[in-house]
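Here is the structure we will look at, set down as structure tokens.
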Amino acid sequence: MYRVLFVEDSRGIAETVREHLAVEGYQIDVADTAADGLAQVRRAAPHVVVLDLMGPDGSGEHLLASMRAEGIDSAVLLLSAEGDGIPRVPGFRIGADDYLAKPFGILELLSRVGNLVHGNGAERPASDVIRFGQVEVQPAKKQVLKNGQRIQLRPREFELLIALLRRPGRAWSRRELLDHVWGYDPTVESRTVDWHMAELRRKLEAEPATPRFLQTVRKVGYRFDYCEG
């Protein structure tokens, strides 16, 4: 059974969401303070955390940052009222996996939670333009630009890049990347990931030998590191 934690100080909203998630077969926990939410996440990391950006006893952003700093990899659906003035992309950069504007419909919330659970928490909306360094990635168009010039990526290179970009900071093992990008195929070896990563670095990094964004995680695999400037 998938576990979902909803951090919400409104008892009415919390109970409504709890009932609908329970009907869908989720185990749902509720925290009415950010401190309690962090304690619950530490105790038993849920598959998905539904988190209000303007949380009850502190910023949801602070709670999210604490989770990521402690290496807690639960998928996070960030809720934010349109009036908060917080754009989506910075939310992803602090570690959120998806974003839902308030007020929201319960069916939309259920759909987003389901996508995060079954997609392993790895989905940025496909319409987002993702930028790092001199690179611009347009997932919906399957297009990558560097310094304004289009870069030709092979299909698997593009899919590997997207997998990494949609979970910045997440360390992927080679086997996870093989399963996620290539699917289960016993004829495909882990070195395949290394070859494709080398090509991505050659095409996208300013210094492929000392990559800034497409990082190797020793004894694990790879991750995408986003940094400003």
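Computed from a predicted structure; not experimentally measured.
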For this session: Would you check, one step at a time, whether the test side-chain contact (heavy atoms from CB on, under 4.5 Å) holds for Leu145 with Ile151?
Result: CA-CA 6 Å; Leu145 305 177; Ile151 303 296; over 6 Å; no

Which heavy atom of [X] sits nearest a heavy atom of [Y], and at what distance?
| X | Y | result |
| --- | --- | --- |
| Leu204 | Val135 | O-CG2, 3.7 Å |
| Ala163 | Leu177 | CB-CD2, 4.5 Å |
| Asp225 | Gly169 | OD1-CA, 4.3 Å |
| Leu63 | Ala34 | CD1-O, 3.9 Å |
| Leu164 | Arg223 | CD2-CA, 4.1 Å |
| Ile130 | Pro139 | CD1-CG, 4.2 Å |

Is there a donor-acceptor pair closer than 3.5 Å between any side-chain N or O of [X] and the backbone N or O of [Y]?
| X | Y | value |
| --- | --- | --- |
| Lys203 | Gln152 | yes |
| Glu24 | Tyr26 | no |
| Ser111 | Leu107 | no |
| Ser74 | Ala45 | no |
| Gln40 | Val30 | yes |

Is there a path of hydrophobic side-chain contacts, each under 4.5 Å between heavy atoms of I/L/V/M/F/W/Y residues, joining [Y] to [X]?
| X | Y | result |
| --- | --- | --- |
| Ile13 | Leu110 | yes |
| Leu200 | Val217 | no |
| Ile106 | Val48 | yes |

Problem set entry | Stepwise side-chain contact (heavy atoms from CB on, under 4.5 Å) check, Leu21 with Phe6 | CA-CA 10 Å; Leu21 285 170; Phe6 185 33; 5.6 Å; no

Rounded to the nearest 0.5 Å, what separation is found between the [atom1] atom of [X] and the [atom2] atom of [Y]?
| X | Y | atom1 | atom2 | result |
| --- | --- | --- | --- | --- |
| Phe158 | Leu165 | CZ | CG | 8.5 Å |
| Met67 | His62 | CE | NE2 | 12.5 Å |
| Leu214 | Phe224 | CG | CZ | 7.0 Å |
| Leu109 | Leu100 | CG | CG | 6.5 Å |
| Glu136 | Asn147 | CD | CG | 11.5 Å |
| His20 | Glu15 | NE2 | CD | 12.5 Å |

Problem set entry | Worked verdict on Val50 versus Leu79 for side-chain contact (heavy atoms from CB on, under 4.5 Å) | CA-CA 7 Å; Val50 181; Leu79 306 178; 3.7 Å; yes

Exercise. Are Arg201 and Thr216 close enough that a side-chain donor and a side-chain acceptor fall under 3.5 Å?
Worked result: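 A donor-acceptor contact under 3.5 Å links the two side chains.
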
Hey, is [X] close enough to [Y] for a salt bridge, meaning N to O under 4.0 Å?
| X | Y | answer |
| --- | --- | --- |
| Arg212 | Glu205 | no |
| Arg11 | Asp32 | no |
| Arg154 | Glu159 | no |

For this session: Would you please name every residue forming a side-chain hydrogen bond (donor to acceptor under 3.5 Å, both in side chains) with Glu199, sequence neighbours left out?
Result: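 Partners of Glu199 under the side-chain hydrogen bond (donor to acceptor under 3.5 Å, both in side chains) test: Arg202.
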
For this session: Quick one: do Arg68 and Arg170 satisfy side-chain contact (heavy atoms from CB on, under 4.5 Å)? Show the steps, please.
Result: CA-CA 9 Å; Arg68 296 312 188 220; Arg170 183 195 196 279; over 6 Å; no

Using side-chain heavy atoms (C-beta onward) and a distance below 4.5 Å, is [X] in contact with [Y]?
| X | Y | value |
| --- | --- | --- |
| Gln138 | Val144 | no |
| Val137 | Ile162 | yes |
| Val49 | Leu77 | no |

Problem set entry | Sole residue of Leu153, Leu161, Leu160 in side-chain contact (heavy atoms from CB on, under 4.5 Å) with Glu157 |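 Of all the options given, the one that passes is Leu153.
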
Exercise. Does NZ or CZ of Arg174 come closer than 6.0 Å to the centre of the six-membered ring of Trp172, within 45° of the ring's axis?
Worked result: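 Cation-pi check for Arg174 and Trp172: fails.
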
